**Q** 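Encoded as structure tokens, here's the structure I'll be asking about.
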Amino acid sequence: MKILVVDDFSTMRRIVKNLLRDLGFTNTAEADDGNTALPMLQAGDFDFLVTDWNMPGMQGIDLLKNVRADPNLKDLPVLMVTAEAKREQIVEAAQAGVNGYIVKPFTAGTLKEKIDKIFERLEGGA
Amino acid sequence: MTNNEESVNEEILQQARQLLEQLESGDMQNARTSIDKLSGGSHDASLFTEVGKLTRQLHEAISSFQMDNRITDIAAQDIPDAKDRLQYVIDTTKNAADKTMDSVEQCIPLADGIKQNASELLSDWSRLHRRELKPGEFRELAGRVEEFLKSVDADAGQLHASLTDVLMAQGYQDLTGQVIQKVITMVHDVEENLITLIKMFGNMENFKQAQVEEQEHHGAEGPIVNLEKRNDVLASQDDVDDLLSSLGF
């Protein structure tokens, strides 16, 4: 399981990577916004994307839309971890096809719960 | 000198002589009337009005000059200073977060190692209790227990040191708090000066209306800092989950 963690703050990337490692996901890579993340996703064999929303360059919501529009990436599970909490934004992310949405600040328990739920659904749907 | 001025001067001179005579003869009542005449009667009202206007203009010019200085200072000094301060907050909080995570990342493998060694030893220890150890295995187990105790001793010292580093890294809260407090004071100062500017040159009605208007928020805005004033925002992960499940998630 190879995971890409996208956030403009290195601190947050490090927190997420540590939590993912605790959950047994040791194969992770980092990007600091959508513009860096998208080519990595297109070139690499990532199985999962964790992304922030508010970033300079390409924002997380646009990264999500680009991923869904790319025939090779459209089924990639995407978990959004963001401080953005407006109702309209969450609806927008849902309509764009996000698989999970976590608002910051969050707990290790919430991350585990959402990731478990995403994989349950994927296995159930497969 | 014009004829008119000459006649005015003559009249004043005449009044002055009259006043002198009245004073010398002790006619105080008429002397007072003459003083009032001399000091000018009907010109006064308009003169005082003019002086009043000038004083007010001067006062306004002085206070707007002072404000010009203040606004110049704000633009030249306070705002660059505030930017430095906020950059300091970003740097300091990032440093603290990095230091804390360095320490935590040193602690985690130590804790994992202690746990793993302890559970292995525990299972062999249970075999000892159940008298399942072969001769010679006991000696080997005793050696491992001794090694384990030594490593716990060293690891606990390392954990203690790392936790103290985590503790000390929290000092950023005090430092950044002080720095941010100054920025808040500065922002307040700018606000007051802007309001004075609006009062002098702008439209207070528009300002008052803008104060009560609801601000619209679009796009990404980062963490919500005024949750209690917002009705377009979800307050918790539970609310987010509820909204998503209502959308079929």
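In the text below, chain A, chain B and the rest are named by the order of the sequence lines, each starting its count at 1. Quantities reported herein were computed from a predicted structural model and do not represent experimental measurements.
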**Q** Does CE in A:Met1 sit with more than 12 non-hydrogen atoms of other residues, nucleotides or ligands closer than 6.0 Å?
**A** yes
**Q** Which atoms of B:Leu234 are under 4.5 Å from chain A, going by heavy atoms: the side chain, the backbone, both sets, or neither?
**A** both
**Q** Using a plain distance cut of 3.5 Å, could you tabulate donor-acceptor pairs between chain B and chain A?
**A**
| from | atom 1 | to | atom 2 | distance (Å) |
| --- | --- | --- | --- | --- |
| B:Lys94 | NZ | A:Ser10 | OG | 3.3 |
| B:Asp102 | OD1 | A:Arg14 | NH1 | 3.4 |
| B:Asp102 | OD1 | A:Arg14 | NH2 | 2.4 |
| B:Glu105 | OE1 | A:Arg14 | NH2 | 3.2 |
| B:Glu105 | OE2 | A:Arg14 | NE | 3.1 |
| B:Glu105 | OE2 | A:Asn18 | ND2 | 2.6 |
| B:Gly219 | O | A:Lys86 | NZ | 2.8 |
| B:Gly219 | O | A:Gln89 | NE2 | 3.3 |
| B:Glu221 | N | A:Glu84 | OE1 | 2.9 |
| B:Glu221 | N | A:Glu84 | OE2 | 3.1 |
| B:Glu221 | OE2 | A:Lys86 | NZ | 2.7 |
| B:Gly222 | N | A:Glu84 | OE2 | 2.6 |
| B:Asn231 | O | A:Arg87 | NH1 | 3.3 |
| B:Asp232 | O | A:Arg87 | N | 2.9 |
| B:Leu234 | N | A:Ala85 | O | 2.9 |
| B:Gln237 | OE1 | A:Val103 | N | 2.9 |
| B:Gln237 | NE2 | A:Tyr101 | O | 2.9 |
| B:Asp241 | OD1 | A:Lys114 | NZ | 3.1 |
| B:Asp241 | OD2 | A:Lys114 | NZ | 2.8 |
| B:Phe249 | O | A:Arg121 | NH2 | 3.3 |

**Q** Select, from B:Ala97, B:Ala220, B:Gly219, B:Ala235, the one with the greatest count of heavy-atom pairs under 4.5 Å involving chain A.
**A** B:Ala220
**Q** Sort out for me which of B:Gly222, B:Pro223, B:Gly248 touches chain A most, counting heavy-atom pairs under 4.5 Å.
**A** B:Gly222
**Q** With a 4.5 angstrom heavy-atom cut-off, which part of A:Ile102 approaches chain B: side chain, backbone, both or neither?
**A** both
**Q** Does atom CZ of A:Phe119 have more than 12 heavy-atom neighbours from other groups under 6.0 Å away?
**A** yes
**Q** Could you have a look at B:Leu247, B:Leu243, B:Ile108, B:Ile224 and say which one has the most heavy-atom pairs with chain A under 4.5 angstrom?
**A** B:Leu243
**Q** Which residues pass the salt bridge (charged side-chain N to carboxylate O under 4.0 Å, His left out) test with B:Arg130, not counting sequence neighbours?
**A** B:Glu132
